[in-house]
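Since the structure comes first, as structure tokens, the remarks are kept for the end.
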Amino acid sequence: MGEIRVLVAGAAGRMGREVVRAVCGESDMVLAAAVDRAHVGEDAGALAGVAGGEPVPVVESLAEAIARSSPEVMVDFTLPEAVMGNLRTALQAGVSCVVGTSGLKEGDLAELEALCGERGAACLVAPNFAIGAVLMMQFAAQAARYFPSAEIIELHHTGKVDAPSGTALRTAQMMANAEGSRLAEAGPDDQPARGQTATGGIHIHSVRLPGLVAHQEVILGGLGQTLTLRHDSISRESFMPGVLLGIRKVRGLQGLVVGLERVIS
Ligand code: NAD
């Protein structure tokens, strides 16, 4: 098999630049195109701090970029309001997608499943591409079988546009849906400082501070004891092994797949 041709949407953003750098460092992948609304015309490699190589200018139109560069995989790290438009364009063109952007709702996932069916492309959506975070979510779901109460504190950089984070919402969902989940006691939720109540009555607290990247604590409480699970992404590099794995695996997937844990063997 030849190199995987990768288009990066959101290539000028914090995560997009990291993805550009990661893709350029792999021998079985090539950066086919870079799409963003900012830094149009600038070399995506230079923006990402990659030395040498063929320049790949940032372009604004995703449809044109797909037509010109024939990518096999699109990686999307854009914004909640942009992601579905991008995915419609890519999947309808038969381009498989690896999606890290947060903000996708249940209805969006149903639409993505249908879009995948139209041209036989696949779509991998992962609320968190860091292996440690995926394990934290799985351990939290496991622990939900033994504790009646849990709360989540998620901490991110100040540039994050959504709250609570997609990872926190997914964690709550996995804990509530875990087989034999005992989560039942949510505690009072009529006080503003108690955070937002998510699936399973789990309260989520969002902290936004400069200096942070992406962090989460799940605290479970039971009779006379608590269990704290904590994960810290201290740099955006933490997400790249998961993104690269997603790019390699998505071509062999069918339809919509949600969660990095579904492709880690
Ligand atoms: P950012 O604001 O730094 O970057 C977003 C980029 O998207 C910007 O450059 C913006 O110009 C661009 N953009 C906006 N609309 C666009 C469009 N229609 N087409 C192409 N580009 C467009 O944000 P970020 O910190 O890089 O985060 C991006 C997303 O990734 C967020 O939703 C964030 O929550 C999510 N995220 C996910 C993970 C994960 O592991 N799944 C990890 C970190 C961040």
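From a predicted model like this one, the values you see are computed outputs, not experimental measurements. Sequence positions, counted from 1, serve as the residue numbers for this chain. Counting starts at 1 for both ligands and their atoms, following the listed order.
Compare His157, Arg37, Met240, Met84 by their heavy atoms: the one nearest to atom 18 (N) of ligand 1 is in Arg37.
Looking only at side-chain heavy atoms (C-beta outward), Phe77 and Arg14 stay at 4.5 Å or farther from each other. For the pair Leu183/Ile202, a side-chain contact is recorded, criterion being any heavy-atom separation below 4.5 Å from C-beta on. Between Thr226 and Leu220 there is no side-chain heavy-atom pair separated by less than 4.5 Å. By the 4.5 Å heavy-atom criterion applied to side chains, His205 and Arg194 are counted as neighbours.
Proximity of Asn86 to ligand 1, defined as any heavy-atom pair under 4.0 Å, is confined to the side chain (atoms from C-beta onward).
Every N/O-N/O distance between Ala130 and ligand 1 stays at or above 3.5 Å. Below 3.5 Å of separation, one finds an N or O of Phe129 facing an N or O of ligand 1. Ligand 1 has a nitrogen or oxygen under 3.5 angstrom from a nitrogen or oxygen of Met15. Considering backbone and side-chain atoms together, Pro127 places an N or O closer than 3.5 Å to an N or O of ligand 1. Ligand 1 has a nitrogen or oxygen under 3.5 angstrom from a nitrogen or oxygen of Ala126. Between Lys160 and ligand 1, an N or O atom pair is found at a separation short of 3.5 Å. Considering backbone and side-chain N/O of Arg14, one or more are found under 3.5 Å from N/O of ligand 1. Between Ser102 and ligand 1, at least one N/O pair is under 3.5 Å apart. For the pair Pro80 and ligand 1, the shortest N or O to N or O distance does not fall below 3.5 Å.
Distance from atom 37 (C) of ligand 1 to its nearest protein heavy atom, with residue and atom name: Gly100 O, 3.0 Å. At the shortest separation from atom 20 (C) of ligand 1 among protein heavy atoms lies Thr78 CG2, 3.7 Å. Protein heavy atom nearest atom 14 (C) of ligand 1, with residue, atom name and distance: Leu79 CD1, 3.7 Å. With respect to atom 13 (N) of ligand 1, the closest heavy atom belonging to the protein is Asp36 OD1, 4.0 Å. Phe77 CE2, 3.7 Å is the protein heavy atom nearest to atom 38 (C) of ligand 1. Protein heavy atom closest to atom 4 (O) of ligand 1, with residue, atom name and distance, is Gly13 CA, 3.3 Å.
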Candidate pair Glu18 and Met240, rule side-chain contact (heavy atoms from CB on, under 4.5 Å), full reasoning: CA-CA 8 Å; Glu18 203 66 51; Met240 293 308 118; 3.7 Å; yes
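The pair Arg5-Glu72 fails the salt-bridge criterion, with no side-chain N (NZ, NE, NH1 or NH2) lying under 4.0 Å from an Asp/Glu carboxylate O. In this structure, Arg88 does not pair ionically with Glu118, as no charged nitrogen and carboxylate oxygen lie closer than 4.0 Å. Using a cut-off of 4.0 Å between Lys/Arg side-chain N and Asp/Glu carboxylate O, Arg21 and Glu26 are scored as not salt-bridged.
By the neighbour-count criterion of 12 heavy atoms within 6.0 Å, atom CD of Glu261 is densely surrounded, having more than that number from other residues, nucleotides or ligands.
Within the structure, the closest approach of Gly159 to ligand 1 does not fall below 4.0 Å when heavy atoms are considered. The shortest heavy-atom distance from Ala12 to ligand 1 is under 4.0 Å.
Near Asn128, the atoms of ligand 1 lying under 4.0 angstrom from a non-hydrogen atom of the residue are 39 (C), 40 (O), 41 (N). Of all atoms in ligand 1, listed by their number and element, those nearer than 4.0 Å to a heavy atom of Ala82 are 15 (N), 16 (C), 17 (C), 18 (N).
No side-chain N or O of Thr167 forms a donor-acceptor pair with one of Glu154 less than 3.5 Å apart.
A continuous path of Ile, Leu, Val, Met, Phe, Trp and Tyr side chains, each step under 4.5 Å between heavy atoms, connects Val23 with Val20, placing both in one hydrophobic cluster.
Screening Ile264, Leu124, Val250 against Leu245 for a side-chain contact (heavy atoms from CB on, under 4.5 Å) leaves a single residue, Ile264.
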Under 3.5 Å, which donor-acceptor pairs do the side chains of residues 131-139 form with other protein atoms, sequence neighbours left out?
none

